[in-house]
Amino acid sequence: MAATTPNHTVTVSGWAAHDSSGKISPYTFKRRENGVNDVTIKILYCGICHTDLHYAKNEWGITMYPVVPGHEIVGVITETGSDVKGFKEGDRVGVGCMAASCLDCEHCKTDQENYCEKMVFVYNGIFWDGSITYGGYSQLIVADHRYVVHIPENLPMDAAAPLLCAGITVYTPLKDHDLVASGGKKIGVVGLGGLGHLAVKFGKAFGHHVTVISTSPSKEVEAKQRLGADDFIVSTNPEQLEKAKRSIDFILDTVSAEHSLLPILELLKVNGTLFLVGAPDKPLQLPAFPLIFGKRAVKGGIIGGIKETQEMLDMCAKYNITSDIELITADRINEAIQRLAKNDVRYRFVIDIAAASATSNV
């Protein structure tokens with residue numbers, strides 16, 4: 001399948017992985033011309049998600065090389081199509097994981113485009129015109145305006161970038177379980193990484209008692225003093241687990257590595273819910289007894305629709321919530337990805353695309 005089609009005439013500088021080594025290097029490619037429903041965006045910042053690492057190294061076996069990663073994209077509109085509504089040149093905008101969907105199914109019509117069977121990811125996807133999509137590790141992107149959101153003026157754009165994936169990924173489960181509009185519940189967050197630290201911030205902003213559940217005792221001070229968590233449980237500590245048994249209403253599991261669900265499920269109250277947003281590459285074991293003896297539910301979800309993403313950003317503006325980031329230049333992408341693989345980041349790497357030149361060496 002062709003990576004481009006005849007209307008791909010816009011030359012763009014970016015950074016791509018070319019094989020399963022995952023090494024990122026400069027890459028010049030073509031993007032489509034700005035169409036009637038499109039906006040052209042000068043990319044200023046792009047977050048690095050753990051998903052980027054999976055795709056760069058083909059760990060899920062679905063990568064189409066060369067792959068230009070990046071789905072936490074923020075920038076400024078430089079051109080708008082004739083049918084575009086709600087956006088103009090100069091607007092601060094963001095593009096997340098989605099490039100397209102069918103626009104006609106029940107999910108698209110109910111603002112859940114993220115569950116459309118024909119949803120196209122912003123990179124490593126096949127767009128409507130048959131071209132392969134390329135992501136935000138680049139200096140420009142052309143996006144259908146129906147998959148673009150406004151970045152509120154009071155949010156710094158670099159720290160807002162991870163909200164386009166990590167932020168919406170943890171916000172949607174909270175909203176789905178009535179944990180945004182009203183507080184007073186006890187919620188748990190498994191893992192204190194790119195997703196987890198935002199989940200803690202949301203939980204506290206929405207008025208809940210937040211417990212961080214982690215394998216790393218060293219993160220307790222960070223969780224409580226910097227992020228405001230109320231409690232901390234070491235998931236390998238039997239005494240702490242027993243003490244907290246049946247005490248939490250809702251647990252958000254953000255861990256992308258293989259781990260046991262049994263001790264986590266036992267922390268839930270009767271009728272409690274464990275919601276998975278991490279993406280381990282190996283199947284997790286789901287023990288039956290904690291479910292049937294606790295009337296508990298296990299669910300999962302992926303990002304959120306565009307309307308909900310805009311709502312999430314507006315909520316972040318209201319509560320002054322942004323990601324804690326390490327800002328890097330393009331020549332440090334490989335270093336950042338190596339550190340990310342070791343969970344050595346607090347809590348999200350963001351590439352300063354605007355600082356890069358077309359001749360940057362990675």
>> I'd like to know whether the aromatic ring centres of F87 and H150 sit less than 6.0 Å apart in this structure.
In response: yes
**Report entry** Basic-acidic side-chain contact under 4.0 Å: K224, D231
**Finding:** no
- Have R31 and S138 got a donor and an acceptor in their side chains that come within less than 3.5 Å? yes
NZ (K185) and CG (D178) are apart, to the nearest 0.5 Å, by 9.0 Å
* Asked: Just by modelled atom types, is the C49 backbone N or O under 3.5 Å from a matching donor or acceptor in the D52 side chain?
  -> yes
In sequence, state the C-alpha distance, the side-chain angles, and the governing distance for N58 and T63, and then conclude on side chain to side chain donor-acceptor pair (under 3.5 Å). CA-CA 5 Å; N58 196 27; T63 302; 3.3 Å; yes
**Asked** Below 4.0 angstrom, N of the basic side chain to O of the carboxylate: do K299 and D176 qualify?
**Response** no
Original post:
How about Y55 and W60: are their ring centroids closer than 6.0 Å?
Top reply: yes
Using a distance-only test with no angle check, is there a side-chain donor-acceptor pair under 3.5 angstrom linking N124 and Y134?
no
Distance col, row H259:NE2 vs D253:CG, nearest 0.5 angstrom, shows 3.5 Å
Polar side-chain atom of T40 near backbone of T78 as donor-acceptor pair, under 3.5 Å: no
Query raised in the report: Any side-chain heavy atom of S214 within less than 4.5 Å of one from F232?
Result: yes
> Is L179 reachable from I264 through a run of hydrophobic residues whose side-chain heavy atoms are each under 4.5 Å from the next?
Replying inline: no
(Q) Between Q285 and S260, does the side chain to side chain donor-acceptor pair (under 3.5 Å) criterion hold? Intermediate values first, please. (A) CA-CA 7 Å; Q285 290 191 346; S260 175; over 6 Å; no
Please examine the side chains of L164 and V74, heavy atoms only from C-beta on, and report whether any two atoms are closer than 4.5 Å. yes
- Go through the side-chain N and O atoms of S101 and Y147 and say whether any donor and acceptor fall under 3.5 Å apart. yes
When every non-hydrogen atom of Y137 is compared with those of C46, the smallest separation belongs to CD1-SG, 3.9 Å
> Hey, are E113 and K307 close enough for a salt bridge, meaning a charged N less than 4.0 Å from a carboxylate O?
Replying inline: no
For G305 and N114 the tightest heavy-atom approach is N-OD1, 3.2 Å
Quiz prompt | Under 3.5 Å: donor-acceptor pair, side chain of R246, backbone of E266 | solution = no
(request) Verify the neighbour count for atom CZ of F121: are there more than 12 heavy atoms of other residues, nucleotides or ligands below 6.0 Å? (result) no
Taken to the nearest 0.5 Å, the spacing of I213 CD1 from S235 OG works out to 8.0 Å
Exercise. Could you check D230 against K204 for salt bridge (Lys or Arg N to Asp or Glu O under 4.0 Å), going step by step and ending with a plain yes or no?
Key: CA-CA 9 Å; D230 300 283; K204 292 304 299 179; 2.9 Å; yes
Practice problem: Determine whether I302 and L274 fall in the same hydrophobic cluster, where Ile, Leu, Val, Met, Phe, Trp and Tyr are linked whenever their side-chain heavy atoms lie under 4.5 Å apart. | Solution: no
> Is there side-chain contact between Y115 and C108, with at least one heavy-atom pair below 4.5 Å?
Replying inline: no
With a sphere of 6.0 Å drawn around CZ of F293, does it hold more than 12 non-hydrogen atoms of other residues, nucleotides or ligands? no
Would you check if there is a donor-acceptor pair between the side chains of E59 and H54 at a distance under 3.5 Å? yes
Exercise. Centres of the H8 and F29 rings: under 6.0 Å?
Worked result: no
Verify the neighbour count for atom CZ of R146: are there more than 12 heavy atoms of other residues, nucleotides or ligands below 6.0 Å? yes
I321 and F202: side chain to side chain contact (heavy atoms under 4.5 Å, CB included), yes or no, with the steps?
CA-CA 8 Å; I321 294 173; F202 280 131; 3.6 Å; yes
Hey, does the side chain of T110 reach the backbone of E106 with a donor-acceptor pair shorter than 3.5 angstrom?
yes
Original post:
Do the side chains of L313 and V149 get nearer than 4.5 Å, heavy atoms only?
Top reply: yes
Between H145 and V84, is there a donor-acceptor pair closer than 3.5 Å when you use the side chain of the first and the backbone of the second?
-> no
Value for CD1 (I233) from CD (Q240), rounded to nearest 0.5 Å, stands at 7.0 Å
ask   = Okay, side chain of H18, backbone of Y65: is any donor-acceptor separation there less than 3.5 Å?
value = no
The reported gap from CE in M315 to CE in M312 (rounded to nearest 0.5 angstrom) is 10.5 Å
Between V122 and I73, the two heavy atoms sitting closest are CG2-CD1, 4.4 Å
Practice item. For the residue pair Y171 and F206, categorise the inter-ring angle as parallel (less than 30°), tilted (30 to 60°) or perpendicular (more than 60°). Key: perpendicular
Discussion item. Please verify the inter-ring angle class for F250 with H177; under 30° counts as parallel, over 60° as perpendicular, anything in between as tilted.
Written reply: tilted
- Query: Charged N to carboxylate O under 4.0 angstrom, K269 versus D249?
  - Reply: yes
- Message: Assess the residue pair D352 and T329 against the criterion (side chain to side chain donor-acceptor pair (under 3.5 Å)); give the C-alpha distance rounded to whole Å, side-chain angles, the decisive distance to 0.1 Å, and a yes or no.
- Response: CA-CA 5 Å; D352 187 346; T329 48; over 6 Å; no
* Asked: Do L286 and L265 have side chains that get closer than 4.5 Å, going by heavy atoms?
  -> yes
Quick one, Y347 and E222 - any side-chain contact, counting heavy atoms below 4.5 Å? yes
In this structure, CG of D91 is separated from CD1 of I77 (nearest 0.5 Å) by 5.0 Å
Common cluster, V36/V39, ILVMFWY with side-chain heavy-atom separation under 4.5 Å
no
Tightest non-hydrogen contact, residues G191 and V255, listed as CA-CG2, 3.9 Å
Would you call I132 and I126 a side-chain contact if the rule is heavy atoms closer than 4.5 Å? yes
| request: For the pair K109 and D104, find out whether any cationic side-chain nitrogen is under 4.0 Å from an anionic carboxylate oxygen. | output: yes
Note to self: Closer than 3.5 angstrom, by distance alone: can the side chain of R296 be matched with the main-chain N or O of L268 as a donor-acceptor pair?
What the structure shows: yes
With a 4.5 Å heavy-atom cut-off, do V95 and I41 have their side chains touching?
-> yes
Heavy atoms of V212 and A229 approach each other most closely as CG2-CB, 3.8 Å
Less than 4.0 Å between a side-chain N and a carboxylate O, is that true for D324 and K201?
yes
Examine the side chains of E89 and T80 and answer whether a donor and an acceptor come within less than 3.5 Å of each other. no
Any sub-3.5 Å donor-acceptor pair from D38's side-chain atoms to G35's backbone N or O?
yes
- Message: Using a strict threshold of under 4.0 Å (side-chain N to carboxylate O), is an ion pair present between E335 and R332?
- Response: yes
Which of H50, E72, E326 passes side chain to side chain donor-acceptor pair (under 3.5 Å) with R348? Answer is E72
Derivation of the side chain to side chain donor-acceptor pair (under 3.5 Å) call for N334 and Q338 | CA-CA 6 Å; N334 288 310; Q338 290 171 3; over 6 Å; no
Nearest heavy-atom contact between A199 and L252 is CB-CD2, 3.8 Å
Does a salt bridge link D344 with K342, judged by any charged N lying under 4.0 Å from a carboxylate O? no
